[in-house]
There are 2 protein chains.
Amino acid sequence: MPSRRDSLRALAGLLALPAAGWAAPPAPATRRSGHLIAVGGAEDRERDRLILRRFVELSGGPRARLLVLTAASADPEGSWAGYQRVFAELGAQHVEPIDFRSADEAHDPAAVERLLAADGIYISGGDQRRLMAALWETPAARALHRAFHLRGACIGGTSAGAAALSRQMLAIGEPALRPYRDAVSLDIGLGLLAYAIIDQHFNERHRLGRLLSAVALRPDLLGVGIDEDTALVIERGRAIEVLGNGAVTLLDGRQMRSNVRDTDPEDPLQLLDVRLHLLPAGSRFELTDTDTDTPQPPPALRRTLELLVRPGPIRG
Amino acid sequence: MPSRRDSLRALAGLLALPAAGWAAPPAPATRRSGHLIAVGGAEDRERDRLILRRFVELSGGPRARLLVLTAASADPEGSWAGYQRVFAELGAQHVEPIDFRSADEAHDPAAVERLLAADGIYISGGDQRRLMAALWETPAARALHRAFHLRGACIGGTSAGAAALSRQMLAIGEPALRPYRDAVSLDIGLGLLAYAIIDQHFNERHRLGRLLSAVALRPDLLGVGIDEDTALVIERGRAIEVLGNGAVTLLDGRQMRSNVRDTDPEDPLQLLDVRLHLLPAGSRFELTDTDTDTPQPPPALRRTLELLVRPGPIRG
């Protein structure tokens, strides 16, 4: 693994020179602050396309350099073809696919440079385990971190791509009616979202039970359930917004008392004092005092959101 | 409506004399403290029959005078036949059906006396609106109150019978993916449970959205979601216990901030800081200090349970 100093030196070089292989458009004018867009799957691609439109906007607009990362998909060409069409319709001028089938491919310097130079990277759905099998501890994964943390790129992910944004990733989950310890299996994700566990297709697939199971295992992390065609937009360290047609359910178990350590793996769990926040599309909260037009969250929600927007360590 | 003094005088007479029409077994030896058993529907009648067994026990045992109240059912004879068999198998010696098709029937003094003399009354499933259409503001409904409050009878209810135990009753509810104001319609129930709204078949029918809708409308009341083959047993003013195969979900919205007054009736609701407690079967909490073997609830749950076990006003 390169040292942090090596990484920063390499990065400095990359920032100074356009990455090879790009049409090298001028960088967007505004300094981006780094956004994550976690999408619950099945985002609208035909009508308003509100979520994908916001991804283009937060990446810097029509001239932003966008990548569609299809490594989670079993059919990367098909996945790319769908996004190619819709991003073109939305006016994005520089959109390319990027794919990794193996860790070998995720060591390819040319691919890494493309990630480092991107203004926005959209991670398709599929299987989060396939994605992480290719990217885990690779230069490509580190490039995603540097793009987000150092260049303020916008990283979006839908369905499996959303699940993989977090550090502790919900890898497998049973459709649990009620939470139990073995309802979920956690694995390591990309770690761009450090203090949350994301579940997608949340209300549509009735996943409260499995997300509560995850929160029982890791009460230090927020459970984040995102409905289909719904996005949680996180502005690093500052604000959150919910877009689309559903809601985001936040489960804060930091005050919780549970019996997760005392029960058998398939026994139903007792969970006392979970704080639940339901944020439908249109919800927006700032955690800074600069924008007085945006509602300040009430105290319990503020504590939850402070954890949600907190950037994790850069893994570069 | 009779005055409270009249009611008490009538009651004193009933306590002194066996009610007409009964086989007049001796009253159970132990002074009962008054239990409610709210069952989420589909309680086991073939295997352990844990819930129905507990109903018999809390009513006073095999010699208790039990009634099966079938007024919620579209098929009262069929409903009674099922319970007649299972209660006989459980050794209950004095079980009779009681039914009300109309408010007229619920004014029948003989029926009222049977309710007043019962040690346990089990309210069948069906439709809680049918039940209340027959019982609302009738002597029979008041007799249920007196049996519970003054004689410490055990009142059980399953499915519609559970929903009707509360004062604010979930009369109609959409299978809402996400809460919205018009997802539920509240009506007046029996009022034996004064500070809660019960929903049944809770996890099986994915009713979190509709129960949250009810809590949004009435944040002063606890949302109580009861799974199938699961019972919430409430010992008046003292303790709660969960029996059966599922869990009870408690939603305490008293700290909640919501936009329920500012949205259109079908808009998704924003609900901030709902306290959720998930109590699987086997959970038991005492609110008094007398029994040191039973776990004391943590503070947030204690506040929730204090509301749940609080007896409402007697409506007699």
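If you're wondering where the values come from, they're calculated on a predicted model, not measured in any experiment. Numbered from 1 within each chain, the chains take letters A, B, ... in sequence-line order.
Of the atoms belonging to B:L301, it is side-chain heavy atoms, and not backbone ones, that fall under 4.5 Å from chain A. Looking at A:R275, both its backbone and its side chain come within 4.5 Å of chain B, counting heavy atoms on both sides. At a 4.5 Å heavy-atom cutoff, the contact between B:L269 and chain A is made by backbone atoms alone. Interface remark: B:E204 contributes backbone and side-chain atoms alike to the contact with chain A (heavy atom separation under 4.5 Å).
Contact annotation: the side chain of A:L90 approaches that of A:R49 to within less than 4.5 Å [non-hydrogen atoms, C-beta and beyond].
In this structure, A:R210 is not positioned above the aromatic face of A:F202 in the sense of NZ or CZ being under 6.0 Å from the six-membered ring centre and within 45° of the axis.
The residues A:R302 and A:E306 are annotated as salt-bridged, a charged nitrogen and a carboxylate oxygen being separated by less than 4.0 angstrom. The residues A:R54 and A:E241 are annotated as salt-bridged, a charged nitrogen and a carboxylate oxygen being separated by less than 4.0 angstrom. At a threshold of 4.0 Å, the pair B:E57-B:R53 does not count as salt-bridged, since none of the basic side-chain nitrogens sits closer than that to a carboxylate oxygen.
Below 4.5 Å, heavy atoms of chain B meet heavy atoms from A:L177, A:R178, A:P179, all part of residues 170-185 of chain A.
Listed by first then second residue, pairs satisfying salt bridge (charged side-chain N to carboxylate O under 4.0 Å, His left out) with a partner in residues 161-172 of chain B number zero, not counting sequence neighbours. For the ring-ring contact (aromatic ring centres under 6.0 Å, His included) condition, the pairs that include at least one residue of residues 204-258 of chain B, sequence neighbours left out, are A:H206-B:H206. Evaluation of the ring-ring contact (aromatic ring centres under 6.0 Å, His included) test over residues 208-243 of chain B, restricted to residues two or more places apart or in two chains, returns none.
Between chain B and the options A:T304, A:L279, A:L276, A:D267, heavy-atom pairs under 4.5 Å are most frequent for A:L276. Taking chain A as the reference chain and counting heavy-atom pairs below 4.5 Å, the highest number among B:S258, B:P298, B:A300 is found for B:P298. Of the listed residues B:D252, B:N203, B:L251, the one with more heavy-atom pairs under 4.5 angstrom with chain A than any other is B:N203.
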- Show the numbers, then the answer: is there a side chain to side chain contact (heavy atoms under 4.5 Å, CB included) between A:L52 and A:E43? CA-CA 8 Å; A:L52 296 174; A:E43 68 273 24; 4.2 Å; yes
